[in-house]
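To start, the structure itself, in structure tokens.
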Amino acid sequence: VSADDVSTGPEPVRIRPFVLTSGRVAGAENVGLETQVVVRHRPAPDVHLTPELASILALCIEPMSVAEISALVPLQFGVARVLVNDLSASGYVEVYSTDEAMSQDPELIMRVIRGLRNL
Amino acid sequence: VIAGGFGVGKTTAVGAISDIEPLTTEAVMTAEGVQVDNPGDRSAKTTTTVAMDFGCVTIEGGIKLYLFGTPGQSRFGFMWDDLAHGALGALVVVDTNRLDHCYAAIDYFEKRDLPFIVAVNLFDGTLTHSLQDVRWALAISDAVPVVTFDARSRRSVRDTLLVLLDRALDRATAAASR
């Protein structure tokens with residue numbers, strides 16, 4: 001919690017990660033480890049997000065994977081995916097999930113092969 | 001996906017090729033299983049936190065290739081569904097002295113039909129068992145490449161990933177023409 005948060009609003013209550021998701025573990029199946037997350041709309045000044053949600057938004061100025069979010073905030077992966085899904089539902093972030101079919105696209109695989117050869 | 005038993009060199013391989021310093025994410029896993037040594041007991045439910053290391057290589061055309069090192073514990077295998085989703089393929093890293101540590105991973109990738117190859121990490125530059133022996137011991141089809149590599153070398157890891165991607169490409173091309 002930064003000093004700013006404390007001075008501009010009611011003091012946030014520190015709660016455990018699993019409470020943050022209200023016990024939810026399902027509903028975010030489309031959010032994978034490799035799913036890219038990027039900020040779409042910043043919250044209005046009078047909206048006070050939990051520190052965890054605010055941390056995720058701060059990281060996602062640039063597109064970032066849920067795995068990186070989980071490692072950097074840090075949050076358990078299962079918690080990170082639920083919170084990312086919440087931010088997406090609220091319109092704060094855009095999520096780009098990997099389509100299963102993409103990984104079996106010969107053209108994409110060839111692009112990865114060419115890219116690795118040129119490393 | 002980079003799979004294999006504990007201490008086999010998964011994280012070393014990720015670190016050798018990743019643009020970013022390898023990161024660690026944690027996941028809580030729940031597994032239900034009958035206690036093998038005491039089958040009379042009721043099913044035991046265990047929860048554990050498993051750490052997973054990963055890295056990322058950004059290649060031409062803005063493609064980000066993520067490399068996830070999977071925990072070796074077979075009974076927590078359901079995490080592999082998250083890992084296998086959208087994966088191009090799996091590199092099964094083995095230590096020839098502890099081949100049994102990768103059985104669960106190979107079973108999973110075969111069942112899931114995810115392209116995989118087996119890579120023997122040459123810790124000290126010597127191969128203690130022939131690659132034919134490794135193939136025989138793992139009972140994998142002749143179509144699955146078995147190679148040696150050095151997990152510390154960026155070039156070696158890259159070349160090993162290219163062997164895997166060639167296999168993935170063959171499979172994808174065959175599937176697309178069906």
Side-chain angles (χ1 to χ4, degrees), chain A residues 16-18 20-21 23-26 28-38 56 59 62-84 95-119, chain B residues 1 17 19-30 49-68 79 81-89 113-115 154-155 157-177:
Chain A
R16 292 191 170 274
F18 284 111
L20 282 175
T21 70
R24 287 166 301 145
V25 289
E29 287 82 5
N30 64 319
V31 179
L33 284 159
E34 77 296 342
T35 293
Q36 299 288 303
V37 185
V38 68
I56 295 175
L59 280 173
E62 300 275 323
M64 177 139 311
S65 67
V66 177
E68 283 164 290
I69 291 168
S70 162
L72 296 170
V73 170
L75 293 165
Q76 305 263 6
F77 168 63
V79 175
R81 83 188 324 182
V82 169
L83 296 186
V84 162
V95 300
Y96 299 92
S97 300
T98 314
D99 179 355
E100 188 79 53
M102 244 167 86
S103 62
Q104 283 142 42
D105 173 15
E107 177 53 32
L108 176 75
I109 298 171
M110 274 191 288
R111 284 170 63 197
V112 177
I113 289 173
R114 278 197 297 270
L116 273 180
R117 281 202 184 120
N118 291 338
L119 272 188
Chain B
V1 175
I17 198 160
D19 297 335
I20 58 169
E21 199 60 33
L23 294 167
T24 304
T25 182
E26 291 192 335
V28 173
M29 322 235 167
T30 308
T49 300
V50 176
M52 187 173 58
D53 296 322
F54 67 97
C56 178
V57 194
T58 302
I59 55 177
E60 293 173 353
I63 297 175
K64 280 179 168 180
L65 180 65
Y66 283 93
L67 304 153
F68 291 102
M79 182 72 192
D81 286 341
D82 284 319
L83 287 161
H85 177 86
L88 294 173
D113 211 18
L114 187 72
R154 179 176 167 88
R155 175 169 286 266
V157 172
R158 183 199 71 169
D159 290 347
T160 308
L161 290 176
L162 284 169
V163 173
L164 169 60
L165 287 168
D166 275 342
R167 167 108 178 116
L169 181 60
D170 285 348
R171 296 275 300 270
T173 309
S177 63

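Since the model is a prediction, treat every value here as computed from it, not as a measurement. In the text below, chain A, chain B and the rest are named by the order of the sequence lines, each starting its count at 1.
The minimum heavy-atom distance linking B:A172 with A:I109 is given by the pair CB-CD1, 3.7 Å.
When side chains are defined from C-beta on, A:R111 does not count as touching B:E60, because their heavy atoms never get closer than 4.5 Å. Side-chain contact between A:L33 and B:F54: absent, with no pair of heavy atoms (C-beta onward) separated by less than 4.5 Å. A:V112 has its side chain within reach of B:I59: a pair of non-hydrogen atoms, C-beta onward, lies under 4.5 Å apart.
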**OP:** Any chance you could lay out the side-chain contact (heavy atoms from CB on, under 4.5 Å) test for A:V66 and B:T25, step after step, and finish with the verdict?
**Re:** CA-CA 10 Å; A:V66 177; B:T25 182; over 6 Å; no
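Per-residue heavy-atom pair counts under 4.5 Å with chain B were compared for A:G32, A:A67, A:S70, A:G115, and the maximum is reached by A:A67. By number of non-hydrogen pairs under 4.5 angstrom with chain B, the leading residue of A:L72, A:L116, A:L108 is A:L116. The candidate with the highest count of non-hydrogen atom pairs below 4.5 Å against chain B, out of A:R114, A:Q36, A:Q104, is A:Q36. Between chain B and the residues A:M110, A:E34, A:E100, the most heavy-atom pairs under 4.5 angstrom are made by A:E100.
The part of B:L65 that comes within reach of chain A is its side chain, from C-beta onward, which places non-hydrogen atoms under 4.5 angstrom from that chain. For B:A168, the parts sitting under 4.5 Å from any heavy atom of chain A are the backbone and the side chain alike. Only the side chain of B:R154 comes within less than 4.5 Å of a heavy atom of chain A; its backbone N, CA, C and O stay farther away. With a 4.5 Å cut-off on non-hydrogen atoms, B:T24 touches chain A through its backbone but not through its side chain. Interface remark: B:D166 contributes backbone and side-chain atoms alike to the contact with chain A (heavy atom separation under 4.5 Å).
Rounding to the nearest 0.5 angstrom, the gap separating the CG atom in B:L162 from the CG atom in A:L119 is 8.5 Å. Separating the CG atom in B:L169 from the CD atom in A:E107 is a distance of 9.5 Å, to the nearest 0.5 Å. Residue B:L23 holds its CG atom at 12.0 Å from CD1 of A:I69, rounded to the nearest 0.5 Å.
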